[in-house]
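As the structure lists them, so they are numbered: ligands from 1, and atoms in each ligand from 1.
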Amino acid sequence: MNINGSLTIAVSKGRILTEAMPILEKLDITPVEDPARTRKLVLKTNQAGVKIIIIRATDVPTYVEYGAADMGIAGKDVLMEYTGNGVYEPLDLQIALCKMVLAEPRQRKTINGRLRVATKYVNTTRNYFAGQGKQVEIIKLYGSMELAPVLGLADQIVDLVDTGNTLKVNGLVPVETIAEISSRVIVNKAAMKMKYQIIKPMLKEMNALAGKK
Ligand code: AMP
């Protein structure tokens with residue numbers, strides 16, 4: 001499709017970028033440089049007005065909310081955790097599928113006092129336990145949550161699980177699935193109005209491609 005106008009799309013590095021690129025290419029949006037090889041963060045595309053920016057997953061909603069990007073592709077895990085003033089979330093692309101789970105050591109230790117849960121998803125975890133009427137101590141980590149119970153930093157963790165291998169090799173087992181995760185298209189609220197003529201047909205095509213490899 002020919003995109004007549006300017007549009008900035010924010011995509012997070014890693015698995016989402018890898019799985020989103022074929023969808024954008026089917027919309028005839030192709031970066032002029034290979035995103036996996038370049039160190040550039042702003043990529044021009046074959047379409048003169050369209051730019052792709054490659055940023056950290058947790059920053060995608062921020063760029064979109066403030067209009068620095070018109071549109072973004074972000075995981076539901078990041079969107080659940082985001083506390084900004086809001087973006088539209090019109091489409092589930094059904095890519096980068098995984099689960100957010102509560103996990104604990106296979107050999108459960110006796111817990112004295114309040115349960116300690118390590119996670120980078122502090123808000124989501126707090127809401128989850130609040131929904132169960134449980135008060136827990138949440139320990140914020142920025143990565144390698146699986147390590148926390150191994151070293152006694154926490155009793156349980158909340159993390160994303162794909163194959164389950166990472167939990168397994170660290171002696172952990174899932175206790176409960178908190179959410180099914182996939183990547184969503186998000187759109188800046190003003191851009192949805194101002195650039196509707198560009199964005200609407202894109203959403204329609206992406207919707208037709210969602211979940212197809
Ligand atoms: P796995 O060993 O396949 O279960 O993958 C688990 C590891 O990959 C954990 O460290 C997760 O944080 C990470 N992970 C799994 N799925 C995703 C995803 N869709 N996006 C980002 N990280 C993920």
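The single protein non-hydrogen atom nearest to atom 10 (O) of ligand 1 is E146 OE2, 3.3 Å, given as residue, atom name and distance. Distance from atom 3 (O) of ligand 1 to its nearest protein heavy atom, with residue and atom name: T163 OG1, 2.6 Å. In terms of protein heavy-atom proximity, atom 20 (N) of ligand 1 is nearest to L160 CD1, 3.8 Å. Of all protein heavy atoms, the one lying nearest to atom 7 (C) of ligand 1 is T166 OG1, 3.7 Å.
Between D28 and N46, the side chains place a donor N or O and an acceptor N or O closer than 3.5 Å (distance only, hydrogens not considered).
Residue-environment remark: OH (Y121) exceeds the threshold of 12 foreign heavy atoms within 6.0 Å. Annotation: M194, atom CE; neighbour count of heavy atoms from other residues, nucleotides and ligands within 6.0 Å does not exceed 12.
Atom 15 (C) of ligand 1 has its nearest heavy-atom neighbour, among V101, D162, N170, I181, in D162. Counting heavy atoms only, C98 comes closest to atom 18 (C) of ligand 1 of the residues G143, C98, S182.
The line from CG of N85 to OH of Y66 is 7.0 Å long, rounded to the nearest 0.5 Å.
Not a single heavy atom of K168 lies less than 4.0 angstrom from ligand 1. Residue contacts with ligand 1 include A96, since one of its heavy atoms falls under 4.0 Å from the ligand.
Taking the centre and axis of the six-membered ring of Y142, the NZ or CZ atom of K140 falls inside the cone set by 45° and 6.0 Å.
Contact annotation for atom 5 (O) of ligand 1: protein present (non-hydrogen atoms, distance under 4.0 Å).
For ligand 1, the polar-atom distance check against V161 finds no nitrogen or oxygen pair separated by under 3.5 Å.
At a threshold of 4.0 Å, the pair R37-E33 does not count as salt-bridged, since none of the basic side-chain nitrogens sits closer than that to a carboxylate oxygen. Salt bridge absent: K120 and E81 never bring a charged side-chain N and a carboxylate O closer than 4.0 Å.
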